[in-house]
Amino acid sequence: MSVDVLTAGESMLALRGEGPFRLGGGLAVSIAGAESNVAIGMSRLGHRVAWAGRVGQDESGSLVTRTLAAEGVECGGVVRDGDRATGMLIFEKRLPDVTRVEYHRRDSAGSRWCAADAERALSLNPRLVHVTGITPALSQEAREATHALVDGAKRQGATVSVDINFRSRLWSAETAAPHLRRLVSGADIVIASPDELDLVGGDPAALIRAGAREVVVKNGVAGATAHEADRTVTVPARRVTVVDSIGAGDAFSAGYLSGWLDELSLEERMERAHTLGAFAVASHGDWEGLPRRDELDLIDLASGDAVR
């Protein structure tokens with residue numbers, strides 16, 4: 001079996017409340033994880049996608065694998081860990097456009113993902129491997145696994161994409177920087193915000209000289225800029241009403257990488273990235289509102305239009 005893209009990391013039980021968590025109330029139950037968000041986004045666009053990682057031998061782990069399978073994501077590289085629980089995160093909406101995230105992932109099954117797991121996942125022979133800087137923050141074991149996946153992907157001739165995705169609640173900038181620099185050194189495609197670039201050198205041109213083919217810098221509502229060795233392209237973001245900003249970066253990555261697989265031009269890849277980002281922020285949840293391929297053009301309809 002071979003797949004277009006392999007993503008790997010930690011996917012968790014996700015609980016979403018509409019107000020302060022300490023006051024109780026109802027919670028929506030789903031799954032979340034940067035890499036599995038990208039997997040779902042790309043699967044909905046028709047690509048053959050696999051996700052690899054560890055989940056517990058528990059109902060939360062079953063929800064993760066069942067949800068991904070229902071979205072057409074191959075889960076043959078997922079390990080069910082009988083000794084550790086599936087991680088969890090809580091999204092707490094504190095203001096209409098401000099969400100606070102609480103992690104429960106220390107010593108989780110996902111943090112035990114190891115180099116042997118990564119090597120097994122590479123048997124899927126992916127064209128593209130996508131990882132983030134979140135997984136190396138989980139544990140030394142997960143850090144080694146991420147590097148093993150990248151190194152193995154390079155040996156197999158796969159293209160490697162890295163979204164830096166720094167999470168200050170998981171590790172400090174000082175601790176993260178050397179590990180992220182090592183991760184980026186093996187990347188063909190680097191995706192980051194300007195402050196994340198500062199952790200790995202701060203200069204897209206330097207990253208390209210070091211081996212990256214493309215460096216994509218996300219600037220939120222201001223749009224994004226893609227750098228190649230001989231040119232730079234800036235594309236503005238789509239203007240939509242923001243419902244939930246969580247998941248926008250993962251959706252952007254899914255759109256960009258989908259365009260890369262489809263051999264679109266750099267400008268077209270950026271347009272697709274922004275389209276998926278717009279769908280993400282215009283709907284609740286990390287991935288629930290992401291479009292299928294035949295829905296991409298919906299973003300161009302006028303406000304209030306109905307499709308009949």
Side-chain angles (χ1 to χ4, degrees), residues 5 7-9 34-35 38 126-137 142-168 170-237 248-250 252-261 263-274 277:
V5 58
T7 71
E35 301 83 8
V38 172
R127 288 177 56 197
L128 172 71
V129 169
H130 177 72
V131 297
T132 78
I134 297 174
T135 309
R143 190 151 49 241
E144 292 171 357
T146 307
H147 293 310
L149 184 68
V150 169
D151 294 344
K154 300 294 283 187
R155 287 194 301 272
Q156 291 183 187
T159 295
V160 173
S161 165
V162 174
D163 186 342
I164 295 178
N165 237 336
F166 172 67
R167 293 289 184 267
S168 61
L170 296 178
W171 55 353
S172 69
E174 293 74 20
T175 301
H179 300 294
L180 293 175
R181 284 195 292 269
R182 178 185 170 189
L183 189 61
V184 165
S185 71
D188 300 292
I189 301 170
V190 178
I191 302 172
S193 60
D195 57 321
E196 289 170 339
L197 273 183
D198 290 340
L199 295 173
V200 295
D203 183 3
L207 294 178
I208 289 172
R209 287 194 298 271
R213 297 203 300 264
E214 302 167 23
V215 178
V216 184
V217 184
K218 300 176 292 185
N219 292 297
V221 296
T225 300
H227 303 262
E228 292 183 327
D230 57 351
R231 63 177 179 146
T232 298
V233 173
T234 298
V235 175
D250 302 329
F252 180 97
S253 295
Y256 188 86
L257 297 174
S258 168
W260 182 87
L261 286 170
E263 300 183 352
L264 301 183
S265 69
L266 189 58
E267 292 85 354
E268 291 169 328
R269 296 200 294 272
M270 296 283 279
E271 290 286 356
R272 185 174 292 180
H274 282 312

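The analysis underlying the following values was restricted to heavy atoms, covering all of them including side chains, and did not include hydrogens, waters or symmetry mates.
With respect to H130, the side-chain contact (heavy atoms from CB on, under 4.5 Å) criterion is satisfied by exactly one of V160, T7, I189: T7.
Residues V184 and E196 have side chains not in contact (no heavy-atom distance under 4.5 Å, counting atoms from C-beta outward). The side-chain heavy atoms of M270 and V216, taken from C-beta on, include a pair separated by under 4.5 Å. Looking at E35 and V131, their side chains never come closer than 4.5 Å, going by heavy atoms from C-beta outward. In this structure the side chain of I164 reaches within 4.5 angstrom of the side chain of V190, judged on heavy atoms.
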Test D250 against N165 for side chain to side chain contact (heavy atoms under 4.5 Å, CB included), laying out the working first.
CA-CA 9 Å; D250 302 329; N165 237 336; 3.7 Å; yes

Derivation of the side chain to side chain contact (heavy atoms under 4.5 Å, CB included) call for V235 and R269
CA-CA 10 Å; V235 175; R269 296 200 294 272; over 6 Å; no

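Using a distance-only test at 3.5 Å, with no hydrogens or angles considered, no donor-acceptor pair links the side chain of R213 to the main chain of D188. Under a 3.5 Å cut-off, the side chain of T146 and the backbone N or O of A142 do form a donor-acceptor pair.
Among all heavy-atom pairs drawn from P126 and V5, the shortest one is CB-C, 4.4 Å. Pairing each heavy atom of A8 with each of L149, the nearest pair is CB-CD2, 3.7 Å. The shortest heavy-atom contact between G259 and R272 is N-NH1, 3.9 Å. Of all heavy-atom pairs spanning A273 and Y256, the tightest one is CB-N, 3.7 Å. Nearest heavy-atom pair, W171 versus G133, reported as atom, atom and distance to 0.1 Å: CZ2-O, 3.5 Å. In terms of heavy-atom proximity, G249 sits nearest to D163 at O-OD2, 4.3 Å.
In this structure, NE2 in H227 is found 7.0 Å from CD1 in I208, a value given to the nearest 0.5 Å. With rounding to the nearest 0.5 angstrom, the CZ atom of R127 is 14.5 Å from the CD atom of Q156. The distance from the CG atom of L207 to the CD atom of E214 is 13.0 Å, given to the nearest 0.5 Å. Remark: R231 CZ to E267 CD distance equals 4.5 Å, nearest 0.5 Å. The CG atom of L257 sits 5.0 Å away from the CD1 atom of I191 when rounded to the nearest 0.5 Å. The structure places OG1 of T175 at 11.0 Å from CG of L199, a figure rounded to the nearest 0.5 Å.
Taking the six-membered ring for Trp and thresholds of 30 and 60 degrees, F252 and H274 have ring planes more than 60 degrees apart, a perpendicular arrangement.
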